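Worksheet for the structure shown next.
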Amino acid sequence: MARIVMKFGGTSMAGTERIRRVAGIVKRQQEAGHEVAVVVSAMAGETDRLVNFCREANALYDRAEYDVVVAAGEQVTSGLLALHLQALGCKARSWLGWQLPVHTDDAHAAARIEDITSDALLASMAAGEIAVIPGFQGLDPEGRVTTLGRGGSDTSAVAVAAAVQADRCDIYTDVDGVYTTDPRIVAKARKLKYVTYEEMLELASVGSKVLQTRSVSLAMKEGVRVQVLSSFIDESAPPADSIPGTMIVSDEELEGTEMERQLITGIAADKNEAKVTLTRVADRPGAVAAIFGPLAEANINVDMIIQNIAKDKGETDVTFTCPQADLARTQALLEERKDTIGYYRMIADSKVAKVSVVGVGMRSHAGVAATMFKALADRGINIQAISTSEIKVSVLIDSDEVELAVRVLHTAYGLDAA
Ligand code: ADP
Ligand code: ASP
Ligand code: MG
């Protein structure tokens, strides 16, 4: 007998028929002799709908109230799945974030899980009851509802798996594993049998939304075994133990397999970035700190940063990227501090996308970036910014060209399926 946490994403939970199918998958897993807990997302599109209501109320909405609104989507699906499980004759009940509770910090809209009290969950599972937990939501130290950032149900699932010391955390989604790139963009993408935590972390952080970044770092830290697999399997399919999804494994585990290491593991694109340029910033110590300090305090994640070398005037342009969802707040914060920072003009551009190639093989191979730049240049794609890490190269391009860029790179690195 194993203890398994199963997580179902938005597409899998979108409507009565799909929730009924999910209930069937969960029931079969329990019937295979396992203890199960389930983490669910809101129905596909629901969180976007709720976010829009907040934006319509106020572009610079209060993030604590935003959390109250957007956490509602998962409350609905957790109750519905418990009802469907009961209809199939299973013992099931929902456990909302505040009921367990899932303790988080108070960074509303991007909260971090600190701890999950697992006593009630363990008792419920031991009694043969299926615990259904809404993903994405938690409780801050002041007793207010928090949410974990978009895609956060993956992180809820991994955190629950760590808290109950599950043997595995199965992430059921609308694709049957992690591919070399988004299979919806590149038909020739190949499914990966294994991906290392490190590579998955990098892929997620540059836009492969199949897993939320924090879920991967948490799984790596807590040693949770994560599998990505499809919930769109037919009723008679065997339980997950025999369905080959993608396993997220440690480097050592991968070495124990027959898998050949590829130079590049995958390619990711992120269209949710925005580019901000401040012109004629004073070229003096502290100027950059005056820009990025307030953004960090406001929990705004700045990614690529370019500062041109000042010419003779002692002034320079500073360009950076931030999530589009934070652009309004970024602009407001920098506008307020225009005099302190001392810049001339702020220019924002949301029509950008970041394309990245990821692979641990890069550590020992030169020329990965050069191949990327050449492949893009050959198709006339202009690069606006570049950033690199040990196992990744990212470029910022016009968002209209993102799909072409991903396809071209997928071919250039020899990743296309035969
Ligand atoms: P869920 O609602 O189940 O959480 P998401 O939409 O968050 O699902 O994530 C699944 C989606 O991630 C897929 O439909 C696919 O379009 C996208 N995706 C992006 N990159 C990859 C990749 N490398 N492998 C598989 N799917 C990917
Ligand atoms: N419903 C949330 C979102 O759409 C969380 C999740 O689906 O993981 O971002
Ligand atoms: Mg998701």
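As the structure is a prediction and not an experimental result, all values here were calculated from the model.
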Counting distance only, does the side-chain N/O of [X] pair as donor-acceptor with the main-chain N or O of [Y] below 3.5 Å?
X: Thr246; Y: Val228; answer: no
X: Glu273; Y: Val352; answer: no
X: Ser118; Y: Leu121; answer: no
X: Glu297; Y: Pro294; answer: no
X: Ser208; Y: Val210; answer: no

For atom [atom1] of [X], decide whether the heavy atoms of other residues, nucleotides or ligands shown that lie under 6.0 angstrom number more than 12.
X: Gln331; atom1: CD; answer: yes
X: Lys191; atom1: NZ; answer: yes
X: Gln165; atom1: CD; answer: no
X: Arg3; atom1: CZ; answer: yes
X: Lys338; atom1: NZ; answer: yes
X: Phe373; atom1: CZ; answer: yes
X: Arg363; atom1: CZ; answer: yes

[X] and [Y]: side-chain donor and acceptor closer than 3.5 Å?
X: Gln137; Y: Thr147; value: no
X: His108; Y: Asp67; value: yes
X: Asp140; Y: Thr104; value: no
X: Thr277; Y: Thr319; value: yes
X: Ser231; Y: Ser12; value: yes
X: Tyr413; Y: Asp416; value: no
X: Asp154; Y: Ser215; value: no

Shortest non-hydrogen separation from [X] to [Y] and the atoms involved:
X: Gly97; Y: Pro134; value: N-CG, 4.1 Å
X: Met247; Y: Arg225; value: CE-NH2, 3.4 Å
X: Val40; Y: Glu74; value: O-CG, 3.4 Å
X: Val69; Y: Leu50; value: O-CD1, 3.6 Å
X: Glu114; Y: Asp105; value: OE2-CB, 3.4 Å
X: Arg168; Y: Gln227; value: NE-NE2, 3.6 Å

What do the steps show when you test Ser94 against Ser78 for side-chain hydrogen bond (donor to acceptor under 3.5 Å, both in side chains), and what is the final call? CA-CA 6 Å; Ser94 60; Ser78 60; 4.9 Å; no

Do the side chains of [X] and [Y] get close enough for a salt bridge, i.e. N-O under 4.0 angstrom?
X: Lys351; Y: Asp400; result: yes
X: Glu401; Y: Arg407; result: no
X: Arg280; Y: Glu315; result: yes

Verdict with reasoning, Val68 to Glu65, per side-chain contact (heavy atoms from CB on, under 4.5 Å): CA-CA 5 Å; Val68 173; Glu65 296 306 339; 3.8 Å; yes

Candidate pair Ile171 and Leu229, rule side-chain contact (heavy atoms from CB on, under 4.5 Å), full reasoning: CA-CA 6 Å; Ile171 307 279; Leu229 68 176; 5.7 Å; no

Between the CG atom in Leu192 and the CD atom in Glu199, the distance rounded to the nearest 0.5 Å is 8.5 Å

Within this structure, what is the OG1-CE distance for the pair Thr16 and Met43, rounded to the nearest 0.5 Å? 6.5 Å

Kindly indicate, with the supporting measurements, whether the criterion side-chain hydrogen bond (donor to acceptor under 3.5 Å, both in side chains) is fulfilled by Ser350 and Gln324. CA-CA 7 Å; Ser350 300; Gln324 259 174 38; 4.6 Å; no

If the test is side chain to side chain donor-acceptor pair (under 3.5 Å), which one of Asp303, Asp270, Thr321 qualifies with Lys354?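 Output: one option passes, namely Asp303.
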
Tell me every residue that passes side chain to side chain contact (heavy atoms under 4.5 Å, CB included) with Ser156, counting only those two or more places apart in sequence or in another chain.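 With neighbours one apart ignored, the set is Val39, Leu148.
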
Those residues at least two apart in sequence (or on a different chain) that pass side chain to side chain contact (heavy atoms under 4.5 Å, CB included) with Val408 are Ala375, Arg379, Leu404

Should the pair Phe292 and Phe320 be assigned to parallel (<30°), tilted (30 to 60°) or perpendicular (>60°) ring geometry? perpendicular

For the pair Thr11 and Asp174, evaluate side-chain hydrogen bond (donor to acceptor under 3.5 Å, both in side chains) and give the outcome as yes or no after the intermediate values. CA-CA 6 Å; Thr11 325; Asp174 54 5; 3.1 Å; yes

Determine, step by step, whether Cys322 and Thr330 satisfy the side-chain contact (heavy atoms from CB on, under 4.5 Å) criterion, reporting the C-alpha distance in whole Å, the side-chain angles of both residues, the deciding distance to 0.1 Å, and the verdict. CA-CA 8 Å; Cys322 69; Thr330 300; 3.7 Å; yes

For the pair Thr47 and Phe136, evaluate side-chain contact (heavy atoms from CB on, under 4.5 Å) and give the outcome as yes or no after the intermediate values. CA-CA 10 Å; Thr47 310; Phe136 190 45; 4.0 Å; yes

CA sep, side-chain torsions, deciding dist, call: Ser205, Thr213, side-chain hydrogen bond (donor to acceptor under 3.5 Å, both in side chains): CA-CA 5 Å; Ser205 74; Thr213 310; 5.2 Å; no

